[in-house]
Structure formats: C-alpha cells, structure tokens
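In the text below, chain A, chain B and the rest are named by the order of the sequence lines, each starting its count at 1. Atoms considered below: every heavy atom in the structure, side chains included; atoms not considered: hydrogens, waters and symmetry mates.
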2 protein chains.
Amino acid sequence: MMNSKYLKIYNLIKTKIENGELKPNTKLSSENELVKEYNVSRETIRKTLNLLVQNGYIQKMRGKGSFVLDINKFDFPVSGLISFKELAEKMGTRSETIVNELELMEADDFLVKHLEVQEDDLVWKVIRTRKIGNEKIILDKDFFNKIFVPSLTKEICEDSIYEYIENTLNLEIGFAKKEITIEPSSEEDEEHLDLGKYDMVVVVKNYVYLSDTSLFQYTESRHRPDKFRFVDFARRR
Amino acid sequence: MMNSKYLKIYNLIKTKIENGELKPNTKLSSENELVKEYNVSRETIRKTLNLLVQNGYIQKMRGKGSFVLDINKFDFPVSGLISFKELAEKMGTRSETIVNELELMEADDFLVKHLEVQEDDLVWKVIRTRKIGNEKIILDKDFFNKIFVPSLTKEICEDSIYEYIENTLNLEIGFAKKEITIEPSSEEDEEHLDLGKYDMVVVVKNYVYLSDTSLFQYTESRHRPDKFRFVDFARRR
DNA sequence: AAGTGGTCTAGACCACTTT
DNA sequence: AAGTGGTCTAGACCACTTG
C-alpha cells in the first residue's frame, strides 16, 4: 500500500536527504518532534525512521538522536534489485539495448534446474546486448516462465521488461537471490560483446521470485570485467 | 539489547528453520497463534516476523499467512558483513591465515582519502594471506585508525580481528559500504598469492563504520578469480 | 463469515546522553 | 532533570484470501 502514512513520510524525508535539503552529519528532528510535525503516532514515525536506517539514509543513536549519513547517492542504485534501464537512467549514461534473440522455447535440462519448470514447459528466452557509450559491455540472458509472462515483444525487450512486468502484468516481485562469479568468456560472449583483450567475464546470476514465492525468472548478466562495479550497503544483521 | 523479547523469539524461529524443524514451503503459525504461544503482544510478534522476512527466512502473504522459504543456508554467510574466519567456520573448509605485514604507519595520501584520517595520523596496516585447502587464494589488506584500535598483535591477526574488536575492545559496528571490481593483478598480489595463469584479481573494498558513524576501517580483499563467489539475498526496497 | 496480515494509535516503562 | 531512542502493550480498523 503506497497510501500508508509511514511510506509517505519516508519518501518525503528520503527526498530531502537526496536533495541535500537535509545535510549529511546533521541531526534529524527527534521522534517526538516528528510526531507533532506530521501529526501521527510515535510508532508510525519509528517505522519511517527504521526504513531510512535500513536503506542507509540515517543512523540512530540512543539518547542522542538520528543523524543523516553521507552516502554518495550515485553509489546506491547499483545495489539490490534494479534493472539495467533504471540504472542507466539514474547514472545519466547514454545506453542502448540490442535484442539478439527472442523466442519461446521448450525447457531443457538447464532450465529445469534453474527455473524450477517441468521438461517441455514453455519458457521465454531473451538475449540482449547492452551498449554503454558505443561499446557492447553487457550480455543479458533472461528466461521467463511462460505461465507468468504469456506474451513478450521485441519492443518490450528494448524498453524495460521489468516495467512491463510490474505495471502491465501487475506481477509483484518479492525477492531475489544474486550470485556473482568470474568465468572464462564463452563463444557467445565473444560474438555479442566488445571484449577486446579480456578472456573472462563477470557473471551475475539472478533468481527472481514473486511475492507468492514462485520463481518466475532466471537471468545471467555477463559483464566485461573492466566495466563491472557492484556497490552494496550492509548492516550487521 | 539481546534481552528483548522479539529478538529472542526471532532466534528461536530462525534456529527452527535452519534445523529443518520448520520445513520449507510450510505455513508458520499465524500471528494470533504466535501471540498466544509466546505470551506477547501482536506488535512484538510482528517485529519478529519482519526480521525473518528481511533476512530471507520467511515470506508473508496478506490473508494467507507466513511461509518458510527454501534458502540453502550455506549460501547465506557470504552476504553482508562477515569475516573470513566466521565464513570459513560456517563453510567447514580448512583454512589458514599468514600474517605478511603488521605495522603502525603514518597516514599517506591513500589513507587520508580512504580512511578519513589526517596526514601523519597513526594507522595500523595488516597484510594477510588466506589459504584455503593449501592454496593462497585471498590477500587481505586492512587499515585501522589507531584512535579506535590502540594495539594489535600477530596473534590477534592470525585469529579474528573482528572478534577482538567486538568482544575485547567493545566497539559496535554499525554499517559498511562494499564495492566489488575486477583489476589487473599487482606485483604484491603475485608475491603473496598462488595466481597461476590468472592476471586479474577480484577486489572487494570495504569501508566499515562504527555505530557512531565514524569510519574506523578500510579493507581491500583481493581474490583469485576462480575461487571468488558472492551471494546476496535482496528484497525490493 | 471467519481468519489472515497491514496500518495506526495512545500510553507506558526503560536505558542512555546531555545539561 | 529533561530529552533521546528502544521495547512492549491492548485495542482498533482495514484489505485480502478462504470456506
């Protein structure tokens, strides 16, 4: 629900921090002040502040107050779940997507293993090259269970598949498991990427689950090593 | 506070899930049932469950209930903040640490930039090689601000510096910023690691902050590419 | 209709920091 | 002593899924 009070207040404060309206290392209003300011209960303000803590915007200190953290905002989008298009937009880089392959196929052993489908179930296969500043840097191999994504077009793939999934199909993404490894480059990599002297690629495997816990997508994102960068903000759990 | 009710209940349920006492894809007791079971209020149970959601143990569904997720527990420790020693112990691999260098030095430009210290401030420099199954795989370069870590010995470095920091010095770690990139191997890498044919290393840069937001450690962890693996569980924020 | 999780409230007590 | 965040409660209403 986006009409919840705590989410609205969260977005207000988050925007103020990103704008610089609230400056790094300064003290936020206390919980009791925010209660008056926004006319809500303290537990609601605390929900808001805990979200800001979780996402690296503030740090709370008992007896002292909440303080705005100084995190370079451009570092953030790379972390967590985010699509190539969203990322490129936030970074402000020129980028282009080439759809190399788009087909409906019957699941083979590889997909039975990685997409939890039955043999011969129908699966969308999408292979795309991502260009950044005129160089082919990333090869994205996406596989979608057809049960969840009935149709797919070249136009959708050139834009953002995620946007289509969330806004048009109204599927809700719950969580994802990501794995980063380094592998020797394949013939396919060499065919679709400008690898130059590099003979290895950074492989980011992504298993994406809907909020009803069904696995609906497996993605392999293969990056030229020199252009790869992964940034993460972590709190001790 | 470890004596909080919600944390105790969290650890109880977490352990049951890790044990297999609560099986993947089964339904957890409802919030109202847990309220009776543990004799606490519903908001306290909800705090517990939200922690389990955050850390990938369960998924909640409105109107349906909470469900145990099937996450291979060995995948987890690699994510977030965890030390080499904790990691090796959880994975059950034989490992060994060689301390190559341990010295107190005056901060140079590099440290002024990465550790937010003044020029000539004293900084502990620790260079360690990590052996896994008899091969030198990881080179760890750690830098600690002496203000926070007054003394350091070879014995501590061979064990776990983190354990020393948290249990002996009683410093509380708040959060960390991690960056993963691929770089050409340096002479230092070649000297201390069994790189074989590889001429690149995976570099994990870690900026570790205390809970009062002061930066107290900068670490570079340099891995042989074939043995590197980073796993992450992410929820859409 | 009954049960589930999601949000919100008002009030209480505690531990810690500052004045 | 006053102010801060941390925990906990009992109760309310809502939206959603199931019988």
Side-chain angles (χ1 to χ4, degrees), chain A residues 1-13 22 25-54 57-69 170-172 174-175 210-214 235-237, chain B residues 1-13 22 25-54 57-69 170-172 174-175 210-214 235-237:
Chain A
M1 287 300 138
M2 184 47 203
N3 10 0
S4 61
K5 295 184 184 179
Y6 80 93
L7 266 185
K8 277 183 194 154
I9 304 174
Y10 167 74
N11 282 312
L12 281 174
I13 299 180
L22 289 169
N25 303 315
T26 60
K27 199 158 108 43
L28 221 60
S29 307
S30 77
E31 295 183 350
N32 284 320
E33 286 166 344
L34 291 170
V35 161
K36 288 172 204 155
E37 197 172 323
Y38 291 102
N39 248 299
V40 293
S41 74
R42 190 171 157 229
E43 283 293 348
T44 297
I45 286 296
R46 284 181 57 73
K47 248 192 223 173
T48 298
L49 295 186
N50 285 337
L51 252 191
L52 290 165
V53 166
Q54 231 179 64
Y57 288 98
I58 65 169
Q59 176 78 15
K60 294 212 229 176
M61 286 182 259
R62 201 199 311 232
K64 289 186 177 171
S66 300
F67 295 82
V68 180
L69 290 181
N170 270 312
L171 296 176
E172 206 191 10
F175 54 93
L210 299 178
S211 42
D212 69 354
T213 77
S214 50
R235 284 188 180 274
R236 196 90 166 173
R237 343 209 202 212
Chain B
M1 289 298 138
M2 184 49 204
N3 11 0
S4 60
K5 294 185 183 177
Y6 80 94
L7 266 185
K8 276 183 194 152
I9 304 174
Y10 167 75
N11 282 312
L12 282 172
I13 299 180
L22 288 169
N25 304 314
T26 60
K27 198 159 109 44
L28 221 60
S29 306
S30 76
E31 295 183 351
N32 285 320
E33 286 166 345
L34 291 171
V35 161
K36 287 171 203 154
E37 197 172 321
Y38 290 103
N39 250 298
V40 293
S41 73
R42 192 172 155 228
E43 285 292 348
T44 297
I45 286 296
R46 285 181 55 73
K47 247 192 222 172
T48 297
L49 295 185
N50 285 337
L51 252 191
L52 290 165
V53 166
Q54 232 180 60
Y57 288 98
I58 65 171
Q59 176 78 16
K60 295 213 231 175
M61 284 183 261
R62 199 199 312 230
K64 288 186 178 170
S66 300
F67 296 82
V68 179
L69 291 181
N170 269 313
L171 295 177
E172 204 190 9
F175 54 93
L210 299 179
S211 42
D212 68 355
T213 77
S214 51
R235 285 189 180 272
R236 194 91 167 173
R237 342 210 201 212

Rounded interatomic separation in angstrom, taking CG from Leu28(B) and C1' from dT4(C): 13 Å
Distance, rounded to the nearest Å, where Leu49(A) contributes CG and dG6(D) contributes P: 9 Å
Nucleotide dG5(D), atom C1' - distance to CD1 of Ile45(A) in whole Å: 13 Å
Phosphate-side-chain proximity, Ser30(A) and dT4(D), N/O vs OP1/OP2 below 4.0 Å: yes
Spacing of Asp212(B) atom CG relative to dG5(D) atom C1', expressed in whole Å: 16 Å
5′-ward residue of the pair Lys64(A)/Val40(A) relative to DNA chain C: Val40(A)
Side-chain touch Lys47(A)/Thr44(A), heavy atoms, less than 4.5 angstrom: no
Protein-nucleotide distance (Gln59(A), atom CD; dC16(C), atom P), rounded to Å: 17 Å
Glu43(B) side chain, from C-beta outward: closest of dG6(C), dC8(D), dA10(D): dA10(D)
Between C1' of dC8(D) and CD of Glu31(B), the distance in whole Å: 16 Å
Candidates dA10(D), dG6(D), dT7(D) - which lies nearest the side chain of Arg62(A): dG6(D)
Lys60(A) side chain near dT4(D) phosphate (N/O to OP1/OP2, under 4.0 Å): no
Distance test, side-chain N/O of Thr44(A) to OP1/OP2 of dT9(C), below 4.0 Å: yes
Check: Glu172(A) and Leu210(A) side chains under 4.5 Å, non-hydrogen atoms: no
Donor + acceptor pair across side chains of Asp212(B), Ser214(B) (<3.5 Å): yes
Candidates dG5(C), dT7(C), dT7(D) - which lies nearest the side chain of Lys47(B): dT7(D)
Phosphate contact (dC8(C) OP1 or OP2) by Tyr6(A) side-chain N/O below 4.0 Å: no
Proximity to the side chain of Lys5(A) - top-ranked nucleotide from dT4(D), dT9(C), dT9(D): dT9(C)
Partner nucleotide, any strand, of dC16(C) [Watson-Crick/G-U, under 3.5 Å]: dG3(D)
Candidate nucleotides dA10(C), dA10(D), dT4(D), ranked by approach to the side chain of Asn32(A) - the nearest: dT4(D)
Val53(A) backbone acceptor or donor facing Arg235(A) side chain under 3.5 Å: yes
dG6(D) OP1/OP2 closer than 4.0 Å to side-chain N/O of Arg46(A): yes
Side-chain (Thr48(B)) to main-chain (Tyr6(B)) donor-acceptor, under 3.5 angstrom: yes
